[in-house]
*Asks:* 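I'd like to ask you about the structure that follows.
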Number of protein chains: 2
Amino acid sequence: MTEIEKTLDNKSVRPTAMRILIYKFMAGKQNAVALTDIENAFEKAERTTLYRTLKTFEEKGIVHQIDDGTNISKFALCEPGCNCEIDQDLHLHFHCSQCDKTVCLTEHKIPHINLPAGYIAEDANLVIKGICDSCSDH
Amino acid sequence: MTEIEKTLDNKSVRPTAMRILIYKFMAGKQNAVALTDIENAFEKAERTTLYRTLKTFEEKGIVHQIDDGTNISKFALCEPGCNCEIDQDLHLHFHCSQCDKTVCLTEHKIPHINLPAGYIAEDANLVIKGICDSCSDH
DNA sequence: AGAGATCGTGCAACAGAAGTGCATTTAATG
DNA sequence: CATTAAATGCACTTCTGTTGCACGATCTCT
Ligand SMILES: [Mn+2]
Ligand SMILES: [Mn+2]
Ligand SMILES: [Zn+2]
Ligand SMILES: [Zn+2]
């Protein structure tokens, strides 16, 4: 049993061939991926399968969905120990307007925000747009 | 010349009948609206016209686009004196998971975020999800 | 190992939002 | 009024997300 198989198994997700492939693909990327990205990465990939795989992964806390403002859902693997299902890992995300890549900044948590009376916060999403470190010649 | 006509004129937008209607509609709402919301509000409304009107409004700084995480673009009138075109009015937005409405919290600015080396921030989007004041029985 | 249940995958089709091209109408300007 | 530019309406396309259903694979339990 490989590491990936163990990881999926731990999260009660049956490690099928396709799921392992998708997991590997995402693990090899530094940035968040869209459904279409995965679709294009594999010649023989069924959009529906990918869609449902990502949904399963998300429900089981293997990936988290990211809304980077492009109106296209992105996904990224959760860090080990991430508890984003229960909103305990609200890190921010960065979307580069040049290379169009979205990355997790897992070390940067979303600061606590005081809301007006009557408002109850349950989740938060903070996306910074700009130029990423790869695109800025630093 | 009405107030609305003056407002549009000040922003170099010709105050046509449709534009005035759309402006009035948005001004009467407390929450941000989607293209479809406007479409449904008027029996005789052409989606394309609304689409391009909102785009014009946005370019001229009359409305700002909001990404609330639903993957449906919302729009809200800019406050008087708002300079969101040049990213000077980065207030946060609240999306209610119960009534599905998105509102501007114009008094609550997005806090400054320190980014890793190489990252250059140009824009920011902070959306809090939860229960709004109307839906919570406060 | 075999029967039955459950889960995953593939195919087709649909819904909704966003966007474009072009013809026509409307408004501004002299 | 004639000319020109801007706004609108209509048709059509693309893309993402989503669901239904049938088939195949896998697990369980005897
Ligand atoms: Mn992330
Ligand atoms: Mn706003
Ligand atoms: Zn970049
Ligand atoms: Zn509400």
Side-chain angles (χ1 to χ4, degrees), chain A residues 1 4-5 7-25 32-60 62-76 95 100 102, chain B residues 1-2 4-25 32-60 62-76 95 100 102:
Chain A
M1 215 180 193
I4 295 181
E5 286 176 286
T7 306
L8 296 182
D9 214 63
N10 281 341
K11 301 277 188 172
S12 314
V13 172
R14 291 220 305 237
T16 68
M18 201 63 218
R19 286 172 173 171
I20 294 173
L21 278 177
I22 295 175
Y23 191 99
K24 267 187 193 160
F25 175 73
V33 297
L35 183 56
T36 308
D37 296 332
I38 310 180
E39 202 182 4
N40 294 336
F42 301 102
E43 274 306 304
K44 186 177 155 52
E46 243 296 311
R47 189 172 187 78
T48 314
T49 305
L50 303 178
Y51 171 75
R52 286 196 260 237
T53 298
L54 286 176
K55 213 166 180 184
T56 303
F57 278 10
E58 195 196 358
E59 282 161 4
K60 297 303 174 65
I62 297 172
V63 305
H64 60 281
Q65 190 170 357
I66 305 165
D67 243 297
D68 59 8
T70 61
N71 277 352
I72 298 173
S73 291
K74 305 283 167 59
F75 298 86
H95 174 74
D100 198 42
T102 299
Chain B
M1 215 179 191
T2 71
I4 294 181
E5 285 177 285
K6 272 183 216 157
T7 305
L8 296 182
D9 214 63
N10 281 342
K11 301 277 190 172
S12 314
V13 172
R14 292 220 307 236
T16 68
M18 201 63 218
R19 285 172 174 172
I20 294 172
L21 277 176
I22 295 174
Y23 192 100
K24 266 186 194 163
F25 175 72
V33 297
L35 184 55
T36 308
D37 295 332
I38 311 181
E39 201 183 3
N40 294 337
F42 301 103
E43 274 305 304
K44 187 178 154 53
E46 242 297 309
R47 188 172 187 83
T48 315
T49 304
L50 303 178
Y51 172 76
R52 285 196 260 237
T53 298
L54 286 175
K55 211 166 182 183
T56 303
F57 278 10
E58 194 195 359
E59 283 162 3
K60 296 305 174 63
I62 296 171
V63 305
H64 60 281
Q65 191 170 355
I66 305 165
D67 245 298
D68 60 8
T70 61
N71 277 354
I72 298 174
S73 291
K74 305 283 167 60
F75 298 87
H95 175 74
D100 198 41
T102 299

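Proteins get letters first, then strands, A, B, ... in listed order; numbering begins at 1 in each. Hydrogens, waters and symmetry mates are skipped; everything else that's a heavy atom, side chains included, is used. Everything numeric here is computed off the predicted structure, so don't read it as measured data.
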*Asks:* Among all residues two or more places apart in sequence or in another chain, which pass the side-chain contact (heavy atoms from CB on, under 4.5 Å) test with A:A45?
*Replies:*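 Partners of A:A45 under the side-chain contact (heavy atoms from CB on, under 4.5 Å) test: A:M18, A:F42, A:L50.
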*Asks:* CD1 of A:I38 versus P of D:dT16: gap in Å, rounded?
*Replies:* 13 Å
*Asks:* If you assign each of B:S12 and A:A34 to its closest nucleotide in DNA chain D, which residue comes earlier from the 5' end?
*Replies:*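 Result of the comparison: B:S12.
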*Asks:* Quick one, B:N71 and A:S73 - any side-chain contact, counting heavy atoms below 4.5 Å?
*Replies:*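 Yes. Closest side-chain heavy atoms under 4.5 Å.
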*Asks:* Whole-Å distance between D:dT13 P and B:Y51 OH?
*Replies:* 18 Å
*Asks:* In whole angstrom, what separates B:K60's NZ from D:dA6's C1'?
*Replies:*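 After rounding, the gap between these two atoms is 11 Å.
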*Asks:* For a 4.5 angstrom cut-off between non-hydrogen side-chain atoms, does B:T53 reach B:I38?
*Replies:* no
*Asks:* Please identify each residue that fulfils salt bridge (Lys or Arg N to Asp or Glu O under 4.0 Å) with B:K24, with sequence neighbours left out.
*Replies:*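 Result, salt bridge (Lys or Arg N to Asp or Glu O under 4.0 Å) vs B:K24: none returned.
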*Asks:* Could you run through nucleotides 4-16 of chain C and give me one letter per nucleotide, 5' to 3': B if any protein heavy atom sits under 4.0 Å from the base, S if only the sugar-phosphate is that close, - if neither?
*Replies:* ---SSSBBB----
*Asks:* Are any non-hydrogen side-chain atoms of B:F57 and B:L8 less than 4.5 angstrom apart?
*Replies:* yes
*Asks:* Tell me: CG of B:L50 to C1' of C:dA17, nearest whole Å?
*Replies:* 13 Å
*Asks:* Among residues at least two apart in sequence or on other chains, which ones pass side-chain hydrogen bond (donor to acceptor under 3.5 Å, both in side chains) with B:S12?
*Replies:* none
*Asks:* Listing request: all side chain to side chain donor-acceptor pair (under 3.5 Å) pairs with a residue in residues 41-51 of chain B, at least two apart in sequence or in separate chains.
*Replies:*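 Passing the test, one end in residues 41-51 of chain B: B:E39-B:R47, B:E46-B:T48.
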*Asks:* For B:E58 and C:dA18, give me the distance from atom CD to atom C1', rounded to whole Å.
*Replies:*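 Nearest whole value for this atom pair: 13 Å.
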*Asks:* Restricting to side-chain hydrogen bond (donor to acceptor under 3.5 Å, both in side chains), what partner residues turn up for A:T56, sequence neighbours left out?
*Replies:* none
*Asks:* Run the side-chain contact (heavy atoms from CB on, under 4.5 Å) test against A:T70 and tell me which residues pass, sequence neighbours left out.
*Replies:*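 With neighbours one apart ignored, the set is A:D68, A:I72, A:K74, A:H95, A:D100.
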*Asks:* Please state how far atom CG in B:D37 lies from atom P in C:dA17, giving the value in whole angstrom units.
*Replies:* 9 Å
*Asks:* How long is the line joining CG of A:D100 and C1' of D:dC15, in whole Å?
*Replies:* 15 Å
*Asks:* Using a 4.0 Å cut-off on heavy atoms, which residues in residues 62-71 of chain A reach DNA chain D? List them by number, or say none.
*Replies:* none
*Asks:* side-chain hydrogen bond (donor to acceptor under 3.5 Å, both in side chains) with A:D9: which residues, sequence neighbours excluded?
*Replies:*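 Applying side-chain hydrogen bond (donor to acceptor under 3.5 Å, both in side chains) to A:D9 gives none.
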*Asks:* Angle between the two end axes of the helix from C:dA1-D:dT30 to C:dG30-D:dC1, five base pairs per end, rounded to 10 degrees?
*Replies:*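 For the helix from C:dA1-D:dT30 to C:dG30-D:dC1, the axes at either end differ by 30°.
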*Asks:* Calculate, to the nearest 0.5 Å, the distance between atoms CD and OH belonging to A:E5 and A:Y23 respectively.
*Replies:*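 That separation rounds to 12.0 Å.
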*Asks:* Nearest whole angstrom, please: distance from the P of C:dA27 to the CG of B:L8.
*Replies:* 15 Å
